[in-house]
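Below you'll find the structure, written out as structure tokens, and then a few comments.
In listed order, ligands and their atoms are each counted from 1.
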Amino acid sequence: MTPAPLPTILQLTPLDPTYRADPHVVLDDLRARCPVHRDELAGSFILTRYEDVRSMVSDRSLWRDPIKAEPASRMGRGMEAIPEGVPRSEASSILTLDDPDHARIRQPLTQAFYARIARFRPEVERIVDEALDRIDTTAPFDLMDAFCVPVPIDAIASILGVDHSRLGEFRDWSEGLIQGLNPFRTPEQTEHMERANTALTDYFTLAIADRRTAPRDDLISDMTCLQAQGEPISDTELRINLTALLVGGNLTTTDLIGNAVRLLLLNPGELAKLRADPALIAAAVEETLRYEPPVDATGRIASRDMTVGGCAVTTSQAFTFFLRAANRDPERFDDPHSFDITRARHPHVAFGGGAHICIGAPLARLEAQVALPRLFDRFPNLRLANPDEAAVWRTLPFFRGLERLDLRA
Ligand code: HEM
């Protein structure tokens, strides 16, 4: 019998109903049959094996800037929109920059951001408790809308020092910005995104100027202070990368919390273990990141001719690493499709790796580690409102999160 054709990139996104229902049916088959697979539609090599993904994502000699990818690559498309004469670092965030610009901008941003996160726990506790206070439990409620969406937005607003009086606007802009990740947005959603982009550009431009003259206790002031001490980072670069913290951090952390709540409710034995031993919370968050990572894939570009998994790759060809597939590789994880918060630890790749490893990982972990125990403590009888109904997953390519999570308390 002729084997079924290998899936194209379109069949590896939640736009495809089979993938949306259970991505691992497709990914397991692809990993078993062709772990390094050239997809002509994506113009990219798709990698699904843990060992390959781990070593390639950590390889700092590979490129990230899509402008360096061959024209056939999906990563290379849309680059013609970049205005001529504008330095890459003033057109793109660290996500798609290479060294030396990447290191020049990421280093001071990390220094300031991590110092804040290290003392941020009490503030996250306050934000989580306030979100819990607002939930009306007299009827079934959508946890995504009531809790998982606002907590990360309010957390980053606090880090950036957004005034309380502007929090409503800031929440609206953050949600508008997320439409930038949605290739199928409606005209209204596009309008929301464009309005949010303009408003945030104006907001950050003013805030940077303001903090330079009157510093406060926030990340923007930390960064203007580092600029004053000689860090070579321009105001435009700063604004683009502050915006990147919103784009990169909100939806992903929303989905981490939502996916964790759903998994714990579907696996009462695991929830019982966590209730019996609250110290397991860090492990429960890591197991959620392994088992149901919010981001499916990341990418790099070959900076030299090379051989990967027996395939010849030439300079400028692109790679797409399926982090989700790597996290369930049976060669690396025993019983990979079981959700087990006490499994012997093996590092997942949900945050990528190497030079571009997620800068927000400590914040996402902190938020989830605070939010989950407080939610389950506040509502000891928390349960799915419609336990017989299938999960409603969003269709946004390369992300895995719930459209809604209807619960009763
Ligand atoms: C569970 C939540 C999150 C997940 C699963 C996630 C996942 C990722 C992944 C896979 C990458 C690419 C890494 C690579 O290519 O090696 C990344 C990069 C990035 N993330 Fe996150 N992220 C999360 C939360 C956050 C948060 C909270 C922020 C900011 C507040 C953030 C900001 C960024 C930025 C700015 C980058 C680009 C870093 C660089 O290229 O140097 N992320 N993230």
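Remark: Arg328 is not positioned above the aromatic ring of Phe333, lacking an NZ or CZ atom under 6.0 angstrom from the ring centre and at most 45 degrees off the axis.
Ligand 1 places these atoms under 4.0 Å from at least one heavy atom of Leu256: 1 (C). Numbered from 1 in the order shown, with element, the atoms of ligand 1 that lie under 4.0 Å from a heavy atom of Gly353 read 16 (O). Ligand 1 places these atoms under 4.0 Å from at least one heavy atom of Val57: 16 (O). Counting atoms of ligand 1 from 1 in the listed order, those under 4.0 Å from a heavy atom of Ala364 are 1 (C), 2 (C).
The closest protein non-hydrogen atom to atom 35 (C) of ligand 1 is Ile359 CG2, 3.5 Å. Nearest non-hydrogen protein atom to atom 4 (C) of ligand 1 is Phe351 CE2, 3.5 Å. The protein heavy-atom contact nearest to atom 26 (C) of ligand 1 is Gly249 CA, 3.2 Å. Of the protein's non-hydrogen atoms, the one nearest atom 37 (C) of ligand 1 is Leu95 CD1, 3.7 Å. For atom 13 (C) of ligand 1, the closest non-hydrogen atom on the protein side is His356 O, 3.2 Å. In terms of protein heavy-atom proximity, atom 12 (C) of ligand 1 is closest to Thr298 OG1, 3.7 Å. Ranking protein heavy atoms by distance to atom 24 (C) of ligand 1, first place goes to Thr252 OG1, 3.3 Å. Ranking the protein heavy atoms by distance from atom 29 (C) of ligand 1 puts Leu245 O, 3.5 Å first.
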Evaluate the salt bridge (Lys or Arg N to Asp or Glu O under 4.0 Å) criterion for residues Arg116 and Asp217: first the C-alpha distance (whole Å), next the side-chain angles of each, then the deciding distance (0.1 Å), finally the verdict. CA-CA 10 Å; Arg116 285 215 156 254; Asp217 182 14; 2.7 Å; yes
Stepwise, does the side-chain hydrogen bond (donor to acceptor under 3.5 Å, both in side chains) test hold for Arg216 with Ser221? CA-CA 6 Å; Arg216 300 191 199 169; Ser221 306; over 6 Å; no
Walk me through it: do Tyr19 and Asp296 pass the test side-chain hydrogen bond (donor to acceptor under 3.5 Å, both in side chains)? CA-CA 12 Å; Tyr19 187 89; Asp296 272 10; 2.5 Å; yes
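Contact analysis puts Ala350 in contact with ligand 1, with a non-hydrogen atom separation below 4.0 angstrom. Put simply, no part of Phe321 is less than 4.0 Å from ligand 1, judged by heavy atoms. Contact analysis puts Arg300 in contact with ligand 1, with a non-hydrogen atom separation below 4.0 angstrom. Under a 4.0 angstrom heavy-atom cut-off, Pro294 registers as being in contact with ligand 1.
Here Glu287 pairs with Arg343 in a salt bridge; the nearest charged N to carboxylate O distance falls below 4.0 Å. Salt bridge status for Arg378 with Asp133: present, with a side-chain N to carboxylate O gap under 4.0 Å.
Counted by atom type alone, His346 and Arg332 present one or more donor-acceptor pairs between their side chains at under 3.5 Å. Side chains of His356 and Arg106: a donor-acceptor N/O pair is absent below 3.5 angstrom, by distance only. No hydrogens or angles considered: nothing links the side chains of Thr253 and Glu367 as a donor-acceptor pair under 3.5 Å.
Geometrically, ligand 1 and Arg64 share no nitrogen or oxygen pair separated by less than 3.5 Å. Taking distance alone, with nitrogen or oxygen atoms compared against 3.5 Å, Gly352 stays at or beyond that limit from ligand 1. Checked by distance only, ligand 1 and His102 come closer than 3.5 Å through their nitrogen or oxygen atoms.
Neither the backbone nor the side chain of Leu246 has any atom closer than 4.0 Å to an atom of ligand 1 (non-hydrogen atoms only). Contacts of Phe113 with ligand 1, taken as heavy-atom pairs under 4.0 Å, involve the side chain alone. With a 4.0 Å cut-off on non-hydrogen atoms, Arg106 touches ligand 1 through its side chain and not its backbone. For Cys358, heavy-atom contacts with ligand 1 shorter than 4.0 Å involve the backbone as well as the side chain. The side chain of Leu323, and not its backbone, has at least one atom closer than 4.0 Å to an atom of ligand 1 (non-hydrogen atoms only; side chain from C-beta on).
Annotation: Glu191, atom CD; neighbour count of heavy atoms from other residues, nucleotides and ligands within 6.0 Å is above 12.
Aromatic ring centroids of Phe141 and Phe147 lie 6.0 Å or more apart.
Counting only distance, with no hydrogens or angles, the side chain of Arg300 and the backbone of Phe319 share no donor-acceptor pair below 3.5 Å.
Results of the side chain to side chain contact (heavy atoms under 4.5 Å, CB included) test with Phe113 over Asn241, Leu363, Asp222 single out Leu363 as the only residue that passes.
With rounding to the nearest 0.5 angstrom, the CD1 atom of Ile178 is 5.0 Å from the CG atom of Leu251.
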